[in-house]
There are 2 protein chains.
Amino acid sequence: MNAPFPTGVEDDSVDLGALTGSVGFMLRMAQVAVYDQFFREFANTDVRPGEFSVLWVIAMNPDLRQGTLARTLNIKPAHMTKLVQRLVREGLVKRIVPPEDRRSVRLALTDKGRIHLNRHRSTFLHVHDAERIGLTDAETTQLLGLLQKLAFKDTSSCR
Amino acid sequence: MNAPFPTGVEDDSVDLGALTGSVGFMLRMAQVAVYDQFFREFANTDVRPGEFSVLWVIAMNPDLRQGTLARTLNIKPAHMTKLVQRLVREGLVKRIVPPEDRRSVRLALTDKGRIHLNRHRSTFLHVHDAERIGLTDAETTQLLGLLQKLAFKDTSSCR
DNA sequence: TCCGAATAGTATCCTTGTAAACAATTATTC
DNA sequence: GAATAATTGTTTACAAGGATACTATTCGGA
């Protein structure tokens, strides 16, 4: 079927114009693609990217304060509260209220949490390996360097 | 004040371990940083990144089908419906139901939509200019190339 | 032609994440 | 040393986005 004049533009020929030159837009597009891979890999598990990175950081920094964790991962305190509540409910994390400051909360993994982390550690580290996402090793290294520069730039001094 | 033993790790010294080598994690961290800049720039307006990119693509591709738009921008149809409803309510976009297929919807900017786009075009294009995000021009070019490779890779053939 | 299958978009419900007001505790100031 | 301010985390109300089921229309085959 060949319409006399295709009244509109179809999928392939959509023109994004200067959008492909917008760092913000392209970051989002790339993230969607990469997260897609993540969810495909962890399809039949209950592992989610945010949750897992929280477990990871707690494992690397035992007795970390909840607020510090939130700031480090750029997760808002209100959301961190919910994340931690779920992890505690699942028995992966324990909360410790230190006597020297009873407002604060320190977090640590339970044995179950450590086991969970170890079970999925290797999969997590290799989900985004170069060949999986269609880049060369060199490109991946380059990309990570640039992303780190973006992410860890002092945010307070931006005008 | 020097505690005898700092019971926990504090902000700066939090160790992320291999997380900084995870493409997915770093994409998210970078995106948060970059979006932060976006919202700072458009603080007193009602411009949002998703909405604006939708307007942009409609402007470049008049009479684009709503579904095609959704697929192009990796926005789910259900969500696109809501986005379009709001844009129509704001008078920026008009919906056209073509007689040759009355299931579908084609989208175009209204005059008001075009004005809106023009008013913010320049700001939008330069929010993420190199120096603003702390990269050199060359690095930005490199980054955009890598992100495009990630984003526009054929997603169907991934195992 | 008529009935089942495919397609486009929408309504409903649910998850994820945020903002703003709040309670509890600790630090400061007079 | 009490009153005030600042800090920490939580609660509540809401916005963004997705999954699923549904409606309307078009396509395709008997």
Side-chain angles (χ1 to χ4, degrees), chain A residues 1-3 7-11 28-29 31-32 35-36 38-40 42-43 46-54 63-90 93-107, chain B residues 1 3 7-8 10-11 24 28-29 31-32 35-36 38-40 43 46-54 63-90 93-107:
Chain A
M1 186 269 228
N2 242 327
T7 319
V9 189
E10 290 321 321
D11 273 57
R28 177 183 161 278
M29 294 294 278
Q31 208 200 351
V32 171
Y35 267 54
D36 221 61
F38 183 98
F39 286 114
R40 223 175 301 131
F42 285 100
D46 56 349
V47 176
R48 272 162 294 184
E51 210 177 86
F52 200 79
S53 60
V54 165
D63 291 325
L64 186 61
R65 293 185 54 164
Q66 183 169 313
T68 307
L69 178 59
R71 272 188 302 278
T72 303
L73 295 180
N74 273 317
I75 294 174
K76 295 287 176 291
H79 187 211
M80 185 56 81
T81 295
K82 292 185 205 171
L83 275 179
V84 168
Q85 279 172 347
R86 182 166 62 215
L87 292 172
V88 168
R89 201 179 323 122
E90 289 171 349
V93 163
K94 59 184 165 218
R95 298 165 30 109
I96 299 131
V97 175
E100 78 271 12
D101 184 348
R102 307 209 346 274
R103 294 169 301 185
S104 67
V105 174
R106 294 186 181 275
L107 302 171
Chain B
M1 185 272 233
T7 320
E10 290 322 320
D11 273 56
R28 177 182 161 280
M29 293 293 281
Q31 208 201 351
V32 171
Y35 267 53
D36 219 62
F38 183 98
F39 286 114
R40 222 175 300 132
D46 57 349
V47 176
R48 272 163 294 184
E51 210 176 84
F52 200 80
S53 60
V54 165
D63 292 326
L64 186 62
R65 294 185 53 162
Q66 183 169 313
T68 307
L69 178 59
R71 272 188 301 280
T72 302
L73 295 180
N74 273 317
I75 293 174
K76 294 288 174 291
H79 187 213
M80 185 56 80
T81 295
K82 293 182 206 171
L83 274 179
V84 169
Q85 279 173 345
R86 182 167 58 215
L87 292 171
V88 168
R89 200 178 324 122
E90 290 171 348
V93 163
K94 59 184 166 216
R95 299 166 28 111
I96 300 133
V97 175
E100 78 271 13
D101 184 350
R102 307 209 347 274
R103 295 168 299 184
S104 66
V105 174
R106 293 187 182 275
L107 302 171

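Computed from a predicted structure; not experimentally measured. Lettering follows sequence order; numbering is per chain, from 1.
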Seminar exercise, completed: Taken to the nearest whole Å, CZ/A:R106 to C1'/D:dT7 is 14 Å
Exercise. In whole angstrom, what separates B:H79's NE2 from D:dT20's P?
Worked result: 18 Å
Exercise. What about A:K82, does its side chain sit under 3.5 Å from the base of D:dG9 through a donor-acceptor pair?
Worked result: no
Exercise. At under 4.0 Å, does any side-chain N or O of B:Q85 touch on OP1 or OP2 of C:dA11?
Worked result: yes
For this session: To the nearest Å, give me how far apart CG (B:L64) and P (C:dA8) are.
Result: 13 Å
For this session: Determine whether any donor atom in the side chain of A:R103 lies under 3.5 Å from an acceptor atom in the base of D:dT7, or the reverse, and answer yes or no.
Result: yes
Exercise. Could you state the CZ-P distance from A:R89 to D:dT10, rounded to the nearest angstrom?
Worked result: 13 Å
Problem set entry | Distance in angstrom units between A:R65 CZ and D:dT7 C1', rounded | 9 Å
For this session: Check the distance between C:dA8's P and B:R102's CZ and give it to me in whole angstrom.
Result: 16 Å
Problem set entry | A:V93 side chain near A:V88 side chain, heavy-atom distance below 4.5 Å | yes
For this session: For A:N74 and for B:R95, locate the closest nucleotide of DNA chain C by heavy-atom distance; then report the residue assigned to the nucleotide nearer the 5' terminus.
Result: B:R95
Problem set entry | Whole-Å distance separating the CZ atom of A:F39 from the P atom of C:dT16 | 9 Å
Exercise. Across the strands shown, which category fits A:S104 at heavy-atom distances under 4.0 angstrom: base, sugar-phosphate, nothing?
Worked result: sugar-phosphate
Exercise. Quick one: does A:R28's side chain get under 4.5 Å of A:Q31's, heavy atoms only?
Worked result: no
Problem set entry | B:R48 CZ to D:dA15 C1', straight-line distance once rounded to whole Å | 9 Å
